[in-house]
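This report refers to the structure that appears directly beneath it.
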Amino acid sequence: MEHNLKLYNSVTREKEAFKPMQDGHVGMYVCGPTVYYDVHLGNCRTFVSFDVIYRYLQYIGYRVRYVRNITDVGHLLDDGEDRMLKGARLEQLEPMEVAQKYTVGFHEMMRIFNALPPSIEPRATGHIPEQIEMVQDILKNGYGYEANGSVYFDTLKFIEKTGIYGGLSGRNVEELVAESRDNLKNQSEKRHPADFAIWMKASPEHIMRWRSPWSEGFPGWHLECSAMSTKYLGPEFDIHGGGNDLKFPHHENEIAQNYGSCQCKGARYWMHTNMLLLNGKKMSKSDGNTISPPELFVGDSEHVSKGYSPMVVRFFMLQTHYRSTLDLTDEALQAAEKGFRRLMDADKTLQSLQPDAAASPGPLDAELNSLMDGVYEEMDDDFNTPKTLARIFELVSRINSLKGGQLPISEVSADTLARLKQVFHDFVYVVFGLLDEDATEGNDGTLDGLMQLIIDIRADARGRKDWGTSDKIRDALKSLRLQLKDGKEGTSWGRE
RNA sequence: GGUCGCGUGGCCGAGUGGCUAGGCAAAGGUCUGCAAAACCUUGUACAGCGGUUCGAAUCCGCUCGCGACCUCCA
């Protein structure tokens, strides 16, 4: 099947036809987490979004090198303290213990959300020499200056010489330039507010430090992504992704560093995911408007009435386009939970459908095929998962109708039915990365066997019109949140 | 204050100059021993006010409201 993949490029603010640099190969870099605290649910949204993008690119035949970094040094807070150090101080741990602890936690959360691991997951601390080299290159090209052992990127000069600063984030360069030096914090060694550190001299109490030509210190936050993307994907590569809030200054500075060090263009397509909101507002720890993934899963929060499983949350995320804000509310999650169940049930129903040997394909056959084509078209259109899901849900009602006899299976060719089974399965599990949680909950077949026995016994009772026994079984199972579904061809069951 | 984006039916959420998005909820119907599930039907939705157009929810302007970024953030 031909694909005309289009994606929205934050740089041009337009959907563009996607043309990888090398046929059949895609290099994709996504800014990963800073591992100083438990992973935030908003982080999870971003990584789930890029997980689906990664999965779909692979699904349509690309070989993808997906690089997602771990930031374990150099990320400064307002007060100038390193995030890693702050975490270490609070928990009385070595910085590397902090990094390890939260890296493990992050990986566990990605596993829970069924996000595939990236091809390469480089750490900032593992690439100090590469970052030092990049600083040297920037200095050599005249876009940096040293001050008391620290090195700063000379944004003003970069703007004057290249004129390429501010394009991604829509900064007004004149305004940036016009900012006076008075705006500088008093202790700053920067010449201009728009300048940023690429190497920081470590203060005496700073534990994370490496030798460099300028001082014992550590790299600036933005530098790692420039250095590591260049190292693993080359000076120019296909896709760079991250959260919307990284556009400025992080990504803008990344571009400046790439160009400033080697006239490299860096990424050709920039993709940004939008924010996750909680009850209409940005999640924020300070005002209590926040919920952690574990709290969400078990329902341990004032913001939700109950727990929602990781796959329900993942499905919920896919119902919104990655470039739109996603508002997490209890009501919306309840709706998503039911929709998710309906989707999973439909897959089971579909896989149980048998083709009619004497089928004569008619309009229904054509409709199914056209809906399936639509599934690909929607994904090709900037990874429009909500629209893709809409198409899939249209298939769901066709599937249920075929099962229930409202639509004749005799009008669907064996080939079309086989394709439907394949496409449905592929999109739900392979592309969207959803999991059937019932099947994975240590179900070794015992439950299926027991349920079949109970269903058989109930069928006998119903045959004798013993409604008392029949309803007793039904009600007892219901109290266990197991639902019996009586159909034309017998009874099936599922979880509520 | 500056920059950018958004405002869609009870809720969530796509879309976009003329053609049913979809999910959840609600109502009626089919099926059923009764239900549930499933299926069918049902919504004069596009913040407000102007303008462009044969035609706008979709383009333009203004107003109101919300959000993001501008400082650490996915």
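Order of the sequence lines sets the chain letters (A, B, ...), proteins ahead of strands, with each chain counted from 1. The basis for the numbers below is simple: all heavy atoms, side chains too, and nothing from hydrogens, waters or symmetry mates. In this text the structure is predicted, and so the values were computed from the model without any measurement.
- B/G22 and B/C39: their P atoms are spaced 13 Å apart (whole Å).
- Between A/Arg342 and B/C39 there is a side-chain polar atom (N or O) within less than 4.0 angstrom of OP1 or OP2.
- The gap from the P atom of B/C59 to that of B/A26 amounts to 35 Å, rounded to the nearest Å.
- Among the protein residues, A/Ser397 comes within range of the sugar-phosphate backbone only, with heavy atoms under 4.0 Å from sugar or phosphate atoms but none that close to a base.
- A/Asp486 comes within 4.0 angstrom of a nucleotide base, judged by non-hydrogen atoms across all strands.
- Residue A/Ala332 is classed as a sugar-phosphate contact, given heavy-atom separations below 4.0 Å to backbone atoms only.
- Residue contacts shown for A/Gly241 are absent, as no nucleic acid heavy atom lies under 4.0 Å away.
- Among the atoms of the strands shown, only primed sugar atoms or phosphate atoms (P, OP1, OP2) are found under 4.0 Å from some heavy atom of A/Asp327.
- A sub-4.0 Å separation between OP1 or OP2 of B/G23 and a side-chain N or O of A/Lys338 is absent.
- The side chain of A/Ser324 places an N or O atom within less than 4.0 Å of a non-bridging phosphate oxygen (OP1 or OP2) of B/A14.
- Within the 4.0 angstrom heavy-atom criterion, base atoms lie near A/Leu276.
- At a threshold of 4.0 angstrom between heavy atoms, the contacts of A/Leu484 include nucleobase atoms, whether or not backbone atoms are also involved.
- The residue A/Gly42 sits close to a base: some heavy atom pair falls under 4.0 Å.
- In the set B/A74, B/A14, B/C11, the nucleotide with an atom closest to the side chain of A/Asn43 is B/A74.
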